[in-house]
Amino acid sequence: EISHTFKRKDGSFYTHHSKRPTEPDQLFGINYGEAGARFFALETDRGTEPETRSNLTENSILRKILSYRNILISGEYRKRFGIPSLMVLFITTAADREDNMVRLTRGLYKNGSHNLLFNHIEGFTQYVRTPPLHPKLFGEYRRTGTPFNISKP
């Protein structure tokens with residue numbers, strides 16, 4: 001379950017809750033040999049969802065960030081997928097949309113959320129379904145802290 005407090009146009013506030021499940025578009029792991037393995041949830045954004053909405057029932061970037069942060073904190077992925085750790089990769093369509101996602105995450109979490117990673121692939125909107133693993137996925141990602149390169153252990 002996630003919740004968020006929204007501000008109305010009149011300046012008052014209300015809190016909305018959602019129990020709607022969130023599942024990644026892809027789930028994969030990288031074996032780094034002796035350094036171990038890391039597991040990733042891939043969330044693909046084709047630029048069709050707004051950054052925020054007035055509720056958490058409908059899809060938005062806000063809803064996904066809140067949901068994945070909750071999944072990471074609760075450790076639900078351990079039970080659901082049987083994996084020991086998880087990082088979430090948000091791939092979007094353009095640099096400015098990526099900037100907005102990072103800004104939104106920083107605004108929500110003062111201490112950041114280091115397991116939420118962001119990147120963009122120009123022309124990503126051409127895919128009707130989640131594409132196969134793309135070479136650009138295996139590089140450097142932005143996050144609320146220092147950048148993270150998933151190709152290195």
List the residues meeting side-chain hydrogen bond (donor to acceptor under 3.5 Å, both in side chains) with [X], not counting sequence neighbours, and say none if there are none.
X: Arg20; value: Asn59
X: Asn149; value: Ser151
X: Arg103; value: Glu51
X: Asp10; value: Ser12

Report, one line per pair, each donor and acceptor closer than 3.5 Å where one atom sits in a side chain of residues 31-42; sequence neighbours left out.
from: Asn31; atom 1: OD1; to: Gly33; atom 2: N; distance (Å): 2.7
from: Tyr32; atom 1: OH; to: Ile150; atom 2: O; distance (Å): 2.3
from: Arg38; atom 1: NH1; to: Lys152; atom 2: O; distance (Å): 3.1

Within the structure provided, determine whether [X] and [Y] are in side-chain contact (heavy-atom separation under 4.5 Å).
X: Thr44; Y: Thr92; value: no
X: Asn119; Y: Leu89; value: no
X: His17; Y: Glu1; value: yes

Closest contact, heavy atoms only, [X] versus [Y]:
X: Met101; Y: Ile65; value: O-CD1, 4.0 Å
X: Leu72; Y: Leu86; value: CD2-O, 3.3 Å
X: Asp45; Y: Thr48; value: OD1-N, 4.4 Å

Examine [X] and [Y] and state if one hydrophobic cluster contains both, with Ile, Leu, Val, Met, Phe, Trp and Tyr joined whenever side-chain heavy atoms are less than 4.5 Å apart.
X: Leu66; Y: Tyr77; result: yes
X: Leu108; Y: Met87; result: no
X: Ile61; Y: Val88; result: yes
X: Ile91; Y: Ile71; result: no
X: Phe148; Y: Leu116; result: no

Which residues share a side-chain contact (heavy atoms from CB on, under 4.5 Å) with Ser74, sequence neighbours left out
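Once residues adjacent in sequence are excluded, the partners of Ser74 under the side-chain contact (heavy atoms from CB on, under 4.5 Å) criterion are Glu76.
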Can you name the residues that form a salt bridge (charged side-chain N to carboxylate O under 4.0 Å, His left out) with Arg78, not counting sequence neighbours?
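Partners of Arg78 by the salt bridge (charged side-chain N to carboxylate O under 4.0 Å, His left out) criterion come out as none, since no residue qualifies.
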Applying salt bridge (charged side-chain N to carboxylate O under 4.0 Å, His left out), name anything that partners Arg80, two or more places apart in sequence or on another chain.
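Applying salt bridge (charged side-chain N to carboxylate O under 4.0 Å, His left out) to Arg80 gives Glu23.
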To the closest 0.5 Å, what do you measure between OG (Ser18) and CD1 (Ile2)?
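Going from the OG atom of Ser18 to the CD1 atom of Ile2 covers 5.0 Å.
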Residues in ring-ring contact (aromatic ring centres under 6.0 Å, His included) contact with Phe6, at least two apart in sequence or another chain:
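Partners of Phe6 under the ring-ring contact (aromatic ring centres under 6.0 Å, His included) test: His4, Tyr14.
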Going by ring-ring contact (aromatic ring centres under 6.0 Å, His included), name the residues that satisfy it together with Phe90, two or more places apart in sequence or in a different chain.
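Testing Phe90 for ring-ring contact (aromatic ring centres under 6.0 Å, His included), a comparison that skips the adjacent residues, returns Tyr68, Phe118.
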Under 3.5 Å, side chain of Asp25 to main-chain N/O of Glu43, donor-acceptor pair present?
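No; judged by distance alone, with no hydrogens or angles, the pair does not exist.
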Are Arg69 and Tyr109 in a cation-pi setup, meaning NZ or CZ lies under 6.0 angstrom from the ring centre and within 45 degrees of the ring axis?
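Yes; both conditions hold, so Arg69 lies above the ring face of Tyr109.
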List, one per line, each side-chain donor-acceptor pair under 3.5 Å for residues 137-145, sequence neighbours excluded.
from: Tyr141; atom 1: OH; to: Leu137; atom 2: O; distance (Å): 2.7
from: Arg142; atom 1: NH1; to: Asp99; atom 2: OD1; distance (Å): 2.4
from: Arg143; atom 1: NE; to: Thr146; atom 2: O; distance (Å): 2.6
from: Arg143; atom 1: NH1; to: His114; atom 2: O; distance (Å): 3.0
from: Thr144; atom 1: OG1; to: Ser113; atom 2: N; distance (Å): 2.8

Take Glu58 and Glu49, measure what side chain to side chain contact (heavy atoms under 4.5 Å, CB included) needs, and give me the verdict at the end.
CA-CA 9 Å; Glu58 298 175 272; Glu49 297 170 359; over 6 Å; no
Any side-chain donor paired with an acceptor under 3.5 Å for Thr22 and Arg63?
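Looking only at side-chain atoms, Arg63 and Thr22 do form a donor-acceptor pair, the distance falling under 3.5 Å.
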